[in-house]
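Data block below; observations after.
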Amino acid sequence: MKCLGDQAWIMFRVRKCLYQVSYGDGSFTVGDFSTETLTFRGTRVGRVALGCGHDNEGLFVGAAGLLGLGRGKLSFPRQAGIRFNRKFSYCLVDRSASSRPSSMVFGDAAISRTARFTPLVANPKLETFYYLELLGMSVGGTRVSGISPSLFKLDPTGNGGVIVDSGTSVTRLTRPAYIALRNAFRIGASNLKRAPEFSLFDTCFDLSGKTEVKVPTVVMHFRGADVALPASNYLIPVDSSSRFCFAFAGTMSGLSIIGNIQQQGFRVVYDLAGSRVGFAPRMEDDDERGKVRALIDKATNSTAREVDPRLLRAIKSVVRYSDSELRLAAQTLLDLMKRDHSQVRYLTLLVIDELFMRSKLFRTIVVENFDQLLSLSVGFRRNLPLPAPPAIAVLLRSKAIEFLEKWNISFGIHYRQIRLGFDYLKNILKFQFPNLQANAARIQQERREREIRSKEIILNKFESLRTNLFAIKEEIQSTIDEIEECLDIVCLEEESIPADLLDDEDFEEFHSSELYQIRLDSLKEGKKVHEDSDNKVVFDALRELYKLLVTKHLVSIQEWISVLIRVEVADNRFRDSTLKEFIDIRNHLQSVKKQCEESGCYVPRTAKHDKEGKEEEDIWEEGKIGSVENEGTSIANKLAEAPVLTSTSGKVSDDTPECRNKSSDGNESIGREGRTDAHPFRNKLLAEAPVLKWNSSLDTWGSNRDVLANQRGLELESHWGRVDYDAVIPADKIAELSVQATLYEEEHVEIQPCRAPLSKRGLCQRRDLRVCPLHGTIVPRDDEGKPIHQKSMTDVGTSIDLGTNMVQQLAKQAVKTVRDRDNEEARKRKIDKQSLKRAKLAKIRGHNEAVLRDAAMASASISAAVGEDAVGNSVDRLPNRNKETLASMLRKKVTTKDRLAQRLLNARASNATIRQLTLGEDANYKEAFPNQW
């Protein structure tokens with residue numbers, strides 16, 4: 001694509017950016033280049049580059065537009081990749097299925113569960129296409145020998161390879177690969193009559209007069225995925241004379257293309273985030289058809305009076321995007337209407353009504369069999385009565401008549417069969433129809449009349465309130481005053497606790513504000529006046545006033561507030577001021593009610609509440625649990641705010657007295673004292689079990705029920721892909737996901753001080769685990785710092801309980817002692833063996849040095865004799881030089897090193913020395929290691 005800059009000024013007289021795109025088949029398009037915001041069912045994609053074509057020539061065949069799906073920067077998947085997670089798929093339908101449209105899905109829903117994926121191959125020279133790795137092809141179940149992976153390899157210049165393209169019709173292979181594939185297919189289809197070539201197809205067959213033929217299978221082998229093509233994807237009709245051709249062609253270029261004819265019927269999945277392409281096999285459609293039938297059978301195989309909403313949504317979701325599934329659903333429902341059971345027919349009719357009101361194609365199919373549907377649902381023919389059970393048959397007939405009237409109102413003008421059926425049942429057979437239109441109008445009129453009467457009633461109440469406002473407030477205030485007088489007697493006055501009641505130790509103990517508040521509440525509880533014979537009259541009066549407050553005043557105030565909110569008057573000033581006053585009065589009443597409850601007053605439970613409480617108790621297991629009274633106190637309220645999870649099965653005591661003012665001494669115990677330990681192991685587990693706060697993860701504790709995966713409380717009406725409403729999460733997976741992580745808390749171990757006496761008096765307070773750096777090993781000491789002597793073994797032996805556990809511990813200790821002693825002896829033996837080995841090696845090394853020294857001395861003596869002869873001869877020739885005697889040689893103190901240096905100058909002596917040293921070393925080595933020879 002390129003922008004035609006200056007030419008656009010001349011052509012359009014305004015500054016515009018033009019585009020020009022050319023395709024491989026010679027087609028091209030030219031137009032304006034711009035950006036736009038696109039919306040896909042609520043998902044907005046901004047600034048999408050678009051081209052508005054003004055000159056479109058070539059093989060567009062009147063297309064409304066082109067959607068670029070390549071890997072280029074201006075393709076739609078590249079521009080909207082973030083919105084849809086760089087995933088999309090399409091399914092190209094068969095050319096013969098004109099009524100069934102192709103589909104395209106963007107996002108995570110595009111990934112098919114049955115797709116077989118092959119990795120994408122990168123081509124840095126050309127990033128527009130989707131390159132795949134084709135390893136070979138099979139015909140008739142046998143690999144084609146002439147097709148190898150090397151024919152489809154990319155070279156360093158970017159040429160070659162195999163791409164998948166939805167814009168190319170016929171698959172084109174490199175010439176050698178195509179010839180091998182064509183020859184193999186001709187051999188496999190040799191029983192078919194050959195026909196002349198057609199266009200670019202050189203392998204054609206004449207199938208006239210045949211309704212079914214057998215052809216060899218064709219499979220494309222990609223890396224990680226084998227794609228078996230249906231026969232209609234590689235043997236296609238080319239004219240009306242039953243001539244079919246092999247839908248492959250050769251190309252002279254090195255690039256091979258998988259065309260859309262071979263992609264038909266497959267869902268081709270492009271997972272660009274995972275750099276892979278997948279092919280969902282054709283059997284996925286068959287699975288969906290089976291799924292539609294299974295969902296309908298499951299929805300109608302029930303004794304309920306309504307269809308399960310979850311199954312109904314699943315059925316509508318499956319048939320929404322496919323006409324073939326909708327046809328199958330219609331045929332299945334019409335077959336179910338023939339069942340000899342009214343319950344099945346009734347549920348089937350409910351499903352038919354849901355689809356009938358939503359799909360034109362479904363209405364067309366049902367109307368074609370409308371007479372049969374009416375006879376099976378209404379039962380107006382004497383020879384075809386409605387089956388049993390009779391009660392459901394009556395319901396089926398009434399529901400069918402109701403649906404018929406509704407369908408006639410909505411679609412009777414478009415479908416003659418519906419009008420005729422309605423007129424026949426109403427006018428000829430005199431069936432009574434519910435007259436939905438009249439009923440709807442009547443219901444609407446009644447609703448309006450009720451609204452008018454309600455407004456009149458509310459207005460009358462408002463006028464009554466305007467008249468009696470002062471008396472209402474006076475009565476409420478009188479009750480509040482009397483309650484406050486009683487509360488002053490029975491409750492502690494709200495005064496602050498002086499700070500001197502808590503000494504310094506208490507302040508150090510209660511650092512937390514909550515604990516400090518509990519301390520203050522406990523002091524107030526001790527000051528509270530409890531009911532006795534002297535103040536019983538006051539408590540009785542308080543209970544009566546509290547009952548009046550709760551059952552009358554609070555209820556009436558709430559009703560007046562509702563009236564003031566709903567009333568419509570011309571002047572709102574009085575209404576608004578009165579509403580504010582009543583809201584303040586309600587808040588005051590609630591605060592007084594709270595004070596009464598803190599003093600221990602409660603409204604007696606009615607018989608209705610007792611019945612509800614009894615019904616609630618039925619769901620609990622039987623057992624015993626202690627109840628803590630004085631629930632009105634703030635201390636009990638604070639403790640109740642921390643619920644814990646325990647493994648108990650209890651019978652909750654439901655004793656609710658009118659006024660609870662028992663002293664703390666009268667509380668029932670909540671512990672386990674006095675309980676018979678019938679299950680000591682269970683009690684031990686309960687004592688060791690952790691205490692957890694209740695949370696949502698414990699809702700499924702101990703449950704083995706599977707959880708539906710799609711029950712999220714959302715209606716996915718705008719979802720593009722398929723939604724599996726039957727998907728479940730197994731119970732074991734739920735239990736695994738519900739496991740809560742707990743932090744490891746190390747047990748606190750108190751380290752005892754050293755307690756050794758110090759020189760400046762006192763005891764050492766250092767706390768070390770084993771050894772004190774000042775006083776050595778830490779031992780138990782008394783208060784004066786003296787070591788506490790351990791009892792003798794005789795004394796200890798007398799105090800040991802020779803039980804089973806102690807015997808086992810002593811046995812383990814004895815075994816450990818024996819093993820430690822054996823390990824120590826083995827370690828000593830190993831050390832001695834190493835020492836002997838080192839001594840032996842040192843002995844061998846000394847022997848070798850001695851032999852070397854003897855050989856050097858022997859060679860030195862021979863050299864001296866030869867030297868004396870040479871000196872004698874030279875003296876005879878040179879009489880001026882003095883002859884060296886043995887005494888003079890001894891006076892010079894010739895060392896062994898000098899003799900060795902002089903001897904090594906002689907080659908014969910050097911060779912003799914080396915030979916002697918070698919023989920000596922071999923002899924010493926044989927002597928040291930005789931086992932190796």
Side-chain angles (χ1 to χ4, degrees), residues 292-308 311-312 315-316 319 326-443:
V292 171
R293 186 181 291 107
L295 288 173
I296 294 176
D297 291 340
K298 189 174 181 181
T300 56
N301 187 17
S302 173
T303 58
R305 293 300 179 91
E306 298 293 336
V307 180
D308 188 355
L311 294 175
L312 191 58
I315 293 171
K316 292 188 290 185
V319 304
L326 190 61
R327 289 190 176 93
L328 179 62
Q331 187 61 42
T332 304
L333 292 171
L334 292 176
D335 292 340
L336 288 175
M337 287 298 299
K338 300 176 183 178
R339 292 281 185 90
D340 193 17
H341 200 289
S342 292
Q343 176 68 20
V344 177
R345 294 188 185 185
Y346 174 72
L347 295 178
T348 304
L349 185 64
L350 296 180
V351 178
I352 290 176
D353 176 66
E354 288 289 334
L355 300 180
F356 193 91
M357 299 299 294
R358 286 167 173 78
S359 173
K360 180 179 179 181
L361 178 60
F362 186 83
R363 288 194 294 270
T364 304
I365 299 173
V366 171
V367 166
E368 292 176 355
N369 304 275
F370 200 69
D371 180 69
Q372 183 183 12
L373 177 63
L374 287 182
S375 62
L376 294 174
S377 59
V378 179
F380 60 88
R381 300 184 188 277
R382 293 183 179 181
N383 58 340
L384 292 175
L386 295 180
I392 304 300
V394 174
L395 183 61
L396 171 63
R397 179 181 291 108
S398 62
K399 187 64 68 173
I401 292 174
E402 178 185 344
F403 287 162
L404 177 59
E405 184 179 6
K406 181 175 65 173
W407 296 346
N408 182 64
I409 295 172
S410 301
F411 309 106
I413 192 174
H414 304 291
Y415 299 99
R416 180 171 174 267
Q417 293 89 336
I418 298 178
R419 294 197 308 271
L420 293 177
F422 178 76
D423 293 338
Y424 179 75
L425 294 181
K426 183 177 181 180
N427 300 325
I428 304 300
L429 300 181
K430 303 300 181 180
F431 276 90
Q432 295 296 327
F433 284 84
N435 198 359
L436 296 179
Q437 287 182 332
N439 290 338
R442 178 178 53 81
I443 293 172

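What you see is a predicted model; the values in this text were computed from it and never measured.
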Val366 and its side chain to side chain contact (heavy atoms under 4.5 Å, CB included) partner, picked from Leu373, Leu333, Ile418 | Leu373
Inspect the contact between Arg381 and Asp371 and indicate whether a charged nitrogen and a carboxylate oxygen are less than 4.0 angstrom apart.
-> yes
Check ion pair Asp353-Lys399 (N to O, under 4.0 angstrom) |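 Salt bridge: no.
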Quick one: does NZ or CZ of Arg363 land under 6.0 Å from the six-membered ring centre of Tyr415, within 45 degrees of the ring axis?
-> no
Are any of the side-chain heavy atoms of [X] and [Y] separated by less than 4.5 Å?
{"X": "Phe356", "Y": "Phe403", "value": "no"}
{"X": "Phe370", "Y": "Leu420", "value": "no"}
{"X": "Asn301", "Y": "Asp297", "value": "no"}

Could you give the distance from [atom1] ([X]) to [atom2] ([Y]), rounded to the nearest 0.5 Å?
{"X": "Leu355", "Y": "Leu350", "atom1": "CG", "atom2": "CG", "answer": "11.5 Å"}
{"X": "Asp308", "Y": "Thr300", "atom1": "CG", "atom2": "OG1", "answer": "12.0 Å"}
{"X": "Phe431", "Y": "Glu405", "atom1": "CZ", "atom2": "CD", "answer": "14.0 Å"}
{"X": "Leu336", "Y": "Lys338", "atom1": "CG", "atom2": "NZ", "answer": "10.5 Å"}
{"X": "Asn369", "Y": "Gln417", "atom1": "CG", "atom2": "CD", "answer": "10.0 Å"}

Considering all heavy atoms of both residues, which atom of [X] and which atom of [Y] are nearest to each other, and what is their separation?
{"X": "Arg397", "Y": "Gly379", "value": "NH2-O, 4.2 Å"}
{"X": "Ala329", "Y": "Val319", "value": "CB-CG1, 4.0 Å"}
{"X": "Gln372", "Y": "Ser375", "value": "O-OG, 2.8 Å"}
{"X": "Leu386", "Y": "Ala393", "value": "CD1-O, 3.4 Å"}
{"X": "Ser359", "Y": "Leu326", "value": "OG-CD2, 2.9 Å"}
{"X": "Ile315", "Y": "Ala299", "value": "CD1-CB, 4.2 Å"}

Test log, rule side-chain contact (heavy atoms from CB on, under 4.5 Å), inputs Leu404 and Leu374 | CA-CA 9 Å; Leu404 177 59; Leu374 287 182; 4.1 Å; yes
Got a sec: does the CG of Leu429 have more than 12 other heavy atoms crowding it under 6.0 Å?
-> yes
Donor-acceptor pairs under 3.5 angstrom involving side-chain atoms of residues 339-349: please list them, not counting sequence neighbours.
{"unit_1": "His341", "atom_1": "ND1", "unit_2": "Gln343", "atom_2": "N", "d": "3.1"}
{"unit_1": "Ser342", "atom_1": "OG", "unit_2": "Pro387", "atom_2": "O", "d": "2.5"}
{"unit_1": "Gln343", "atom_1": "NE2", "unit_2": "Ser302", "atom_2": "O", "d": "3.1"}
{"unit_1": "Gln343", "atom_1": "NE2", "unit_2": "Ala304", "atom_2": "O", "d": "2.8"}
{"unit_1": "Arg345", "atom_1": "NE", "unit_2": "Met337", "atom_2": "O", "d": "2.9"}
{"unit_1": "Arg345", "atom_1": "NE", "unit_2": "Arg339", "atom_2": "O", "d": "2.8"}
{"unit_1": "Arg345", "atom_1": "NH1", "unit_2": "Leu376", "atom_2": "O", "d": "2.9"}
{"unit_1": "Arg345", "atom_1": "NH2", "unit_2": "Arg339", "atom_2": "O", "d": "3.3"}
{"unit_1": "Tyr346", "atom_1": "OH", "unit_2": "Arg305", "atom_2": "O", "d": "3.2"}
{"unit_1": "Thr348", "atom_1": "OG1", "unit_2": "Val344", "atom_2": "O", "d": "2.6"}

Can Phe422 and Trp407 be said to form a side-chain contact (heavy atoms from CB on, under 4.5 Å), step by step?
-> CA-CA 9 Å; Phe422 178 76; Trp407 296 346; over 6 Å; no
